[in-house]
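Written out below as structure tokens is the structure these notes cover.
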Protein chains: 4
Amino acid sequence: MKAFVYRGPGEKSVEDRAKPELTSSGDAIIKMTKTTICGTDLHILKGDVPTCTPGRILGHEGVGIVESIGAGVTRFKPGDHVLISCISSCGKCEYCRKGMYSHCSTGGWVLGHMIDGTQAEYVLTPHADTSLYLIPPGADEEALVMLSDILPTGFECGVIDGKVTPGSTVVIVGSGPIGLAALLTAQFYSPAKIIMVDIDDNRLNVAKTFGASHVVNSKHANAIEEILAITEGRGADTVIEAVGIPATFELCQELVAPGGVIANIGVHGKKADLHLERLWSQNISITTRLVDTVSTPMLLRTVQSKKINPGQLITHRFNFNEILDAYDTFAQAAETKALKVIINF
Amino acid sequence: MKAFVYRGPGEKSVEDRAKPELTSSGDAIIKMTKTTICGTDLHILKGDVPTCTPGRILGHEGVGIVESIGAGVTRFKPGDHVLISCISSCGKCEYCRKGMYSHCSTGGWVLGHMIDGTQAEYVLTPHADTSLYLIPPGADEEALVMLSDILPTGFECGVIDGKVTPGSTVVIVGSGPIGLAALLTAQFYSPAKIIMVDIDDNRLNVAKTFGASHVVNSKHANAIEEILAITEGRGADTVIEAVGIPATFELCQELVAPGGVIANIGVHGKKADLHLERLWSQNISITTRLVDTVSTPMLLRTVQSKKINPGQLITHRFNFNEILDAYDTFAQAAETKALKVIINF
Amino acid sequence: MKAFVYRGPGEKSVEDRAKPELTSSGDAIIKMTKTTICGTDLHILKGDVPTCTPGRILGHEGVGIVESIGAGVTRFKPGDHVLISCISSCGKCEYCRKGMYSHCSTGGWVLGHMIDGTQAEYVLTPHADTSLYLIPPGADEEALVMLSDILPTGFECGVIDGKVTPGSTVVIVGSGPIGLAALLTAQFYSPAKIIMVDIDDNRLNVAKTFGASHVVNSKHANAIEEILAITEGRGADTVIEAVGIPATFELCQELVAPGGVIANIGVHGKKADLHLERLWSQNISITTRLVDTVSTPMLLRTVQSKKINPGQLITHRFNFNEILDAYDTFAQAAETKALKVIINF
Amino acid sequence: MKAFVYRGPGEKSVEDRAKPELTSSGDAIIKMTKTTICGTDLHILKGDVPTCTPGRILGHEGVGIVESIGAGVTRFKPGDHVLISCISSCGKCEYCRKGMYSHCSTGGWVLGHMIDGTQAEYVLTPHADTSLYLIPPGADEEALVMLSDILPTGFECGVIDGKVTPGSTVVIVGSGPIGLAALLTAQFYSPAKIIMVDIDDNRLNVAKTFGASHVVNSKHANAIEEILAITEGRGADTVIEAVGIPATFELCQELVAPGGVIANIGVHGKKADLHLERLWSQNISITTRLVDTVSTPMLLRTVQSKKINPGQLITHRFNFNEILDAYDTFAQAAETKALKVIINF
């Protein structure tokens, strides 16, 4: 089968690989129908994720059709259309039993990282019963690709941890795909104001069409004053960090109201300054989270009942034989205005 | 009346001052019977708290007897024995209505800071109805002095924000009075293990008698390994920072388990490094809090029902005319083994 | 001044009464600009509320302008446009301090019940600082009349206690004004399905325009089966009782899913059967609540940010000299299709 | 093997039965070492549980040693000492994924009910990985038998659902084994008062030694007044129903404070009156729950750290060949003063 393979920092290739085979009673083999590319895949290609070794098939998102199942799989059968979660969860370990699937002792984020992933014609998914979701007949499967990772990540790490509530004020720093996923899902809770912050005016324009009440370009000298003015000088109840660099995390510290939350979605590569000399008395909390995907069944219901349209995040479509173009388009988002790209098999 | 007055960095004096007079309908004048000294008072004396200006009578803790009340005071009458909260709360503003008394728009921590405090024969308390607590007849008033500040601070900032639960594992970094207050109140929730950390063996010995299951001297080279071993390598569910310097906050980051909380009680004077490059995926939260004293009524009930004995924190007693000695004793805690000192009027 | 007065069961009159005068330092006198009629007012008129004695001016809802204030009032001044809460809250007692204003030891639901109410040209409001809300300039004051009682009641008693969450399934039994207020505010949390139940097709049609995903007329023989079918046989996560009779409360018991909640908004006059022989193992909860109006500031923000339009509930408008007609129209809602009626001064 | 078998209403026997064999990849066979008898077993014997058919081996509690495992079992191996949960949980279905194991779509309370149980030399446990718990070396295995059912039931259904908090007031109606289990575990949260109610003075005496602050015999005419007096006339924050008959449930309604909770542990056979005409405005909640056993790992930790001693509940010990005597002793608890009886294999 054809597969997209990481070959070491800066090196990638499309290769012929053997079709995976069931190795454990909980496994399933999925014939992929749609996948996508994540910002994390770009990090891997740069060599920023040393736990991902050369030769790895990338990809941790997508939908497909069950091809075969291990003896212990009871909730799926060949032919089922399934959504693949970016997080594999055994359902048995202490972490899984308390809903922290991201830290599953035999799972977590392994797909396209520690084991071969979804950017290939077939993928083996471990712990299939607790890591796949049945797609209801008639669903928009393309839109559901957004539920593998980006939507639960924006929702769980940003909105849930950020404790967004009706009538509250939310700032989201970063209007890339992940910030926009937080913007879409924050609206589940009807905050009074959602202020999107970015340095790219195109992305801020997209944010307006996705439901932002205010947008602020943080390149401008008085961006902090501008945001504080929108919050009547108090700062925001929820500040969501959706970039992942020290500067934006420190910006968040300027924007949080007493009693508020800074919820990190961003994947950070460096330490940052925490201004405890000011924040110690501000009754705030700061959260970090690798997505658990516990919200996936709920998100499926909200998509089915049209409370949210994650298909809005999709800007480009490719066939799998064009995956190198897809990577280029996604990597050059400032020029191509790409958010999420769909790759069809 | 006699009063203990801050006279600028390094300068303090006992002075004759005019007895306070009611200025607002919500005020009460309290004749002090017992007060104490807080670590914050020492910070003020060093000049570390610029919002406290020379000439200020210090002190934000104590018990006394209502001497007179303003026209709007309905819950107290002259002669009532009362506990004075370190936080003044109007009960009306947006912050007070949501239980965040520390940020009361006309109160908060003002006593012995923005207005004259309790280290004097009389004190004026603003917002008396919502900042004083009636002492039940027969109560141990000396022990209740611990409920002005240190017990609610340890409990709210450390134990509540730290989400201590039955069967969980707690580390408290710092075994001074505030860490010990957290230790006492953490036991309300029956954690399986409470590990106290300090560099003073005497304080660690005290911690053992207060209910710590383990103590670790962090001067030792392998302290982190030692603590992690007690938690079976996972780290603690709750890590309480009760010192207030970058080194101890950074130690906390080494000790928190995935899914855990770092709850800051410490008053910080400097920024600290936050290791987001490691913590971003650990599903943790970090909290800060200036005590709200919302828990005071509950703490009163637990003292009355003998679920806790805050009198254990008291090591020394002085008369008010010995207050300079009391300050010396408290300031040289390493030698004097002082925890909390009581000053009687 | 003119006032609408309860004169004993079945007896009502419009009378000349003395304008109220300030009696306590926390009081305010409000010149009414708009009021409305509540179902509770009809109950009083029937003699169902014995704590309300003849001679009482009715009414616990409305907006007006501050005419004068007591010496202790600090948050309002004459000329301020204010929303009057149906619940008076002292802000000081144990219940108020924990947000249970409905049980304020010197307040609660007293207006138009234990003391004279808002269906008069002027009203005295006790505990003004903590029972009135400033109306922002430019606000739609008519719509805000819905925030005195019906909207916080539907929201707190139905939606908050009912734990409505994104993607969940909600049944609201009763599509009168209070059920519709629950319907409007349930949408703050983006449930996947909201099923409205009533025996009046007109009200069900209104419910559809207010955002119900499904409507069911419970006069039909197979109503229960119909509702269960919409929930895939499981029952609803949240069932809101918005009628107040044993039959509808028992219907709710048929409709709740395992793990779900039955939230009572209805004012009940009789005991009901609780089918513990079936429900004991269903992991459900049942809640009751007299509104606390703790959510009023939040509701004001959602109205100001256009997340909700409570003006939709207003079907009729009268001048105060037509108040007897207003009562007739409201009392004969099945014929007049009245929901809420506005009375202008 | 020898087994205790239900033979129809009023009929029981000890029989020779074939040793169970693995049928599914998730099964384990456990060689029993200790079991016990539950009140539910007595109900079955009376014919009150029609879903349990004649021929069934009873018992849903106990500890034992893993004899053999199915191919899909990964967390246990032959020779492991294990605690058997009364609830079987697949870990995969929608209910299990949200922690509601009691409603597992292929499990729940099946042992000794829908499938053969633990009152036999060997038992087959389905979903072994997610329904058994490893017993740490050196643990008191007899005490751990209390963790199969009674301790998590008292804790989850009574204490957790009842929202017991530090400084609060708790009433437990019923001082049998289950009420006493609630009493033991309520102390995890340091309530100020725990009032035990029963009609058996012996059980009330036991309750005192287990930590009750007050005991009241409800046969006395003024029991309600007596209890209310202990709560200063307010009623209790938490009222736990641990009997399961209409009279005691109705008593609970008299004892709950405004804002309080009535948590049902009792297994009810009949409907009861719910006095909504009084309770509608009292801001209370009523909960029901079949135990989920989600708290078992936490309870294991509290036993290991000696925060609780469930062995206190054990009053009698028998060998399995005396099981008929054990049933007699347990059934005649008023005379024998039996709480829990241990049956050794």
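Since the structure is predicted, the reported quantities are computational estimates derived from the model, not experimental observations. Throughout, a chain's letter reflects where its sequence line sits, starting with A, and its residues are numbered from 1.
Annotation: the span from A/R75 atom CZ to D/S105 atom OG amounts to 6.0 Å, rounded to 0.5 Å. The CE atom of A/M298 sits 12.5 Å away from the NZ atom of D/K98 when rounded to the nearest 0.5 Å.
In this structure, chain A has no heavy atom under 4.5 Å from any part of D/S24.
Across all non-hydrogen atoms, the minimal contact from A/G72 to D/S25 is CA-OG, 4.1 Å.
Remark: side-chain polar atoms of D/R97 are paired, donor with acceptor, to backbone N or O of A/T130 under 3.5 angstrom.
Between chain D and the options A/G26, A/A71, A/C93, the largest number of non-hydrogen pairs under 4.5 Å is found for A/C93.
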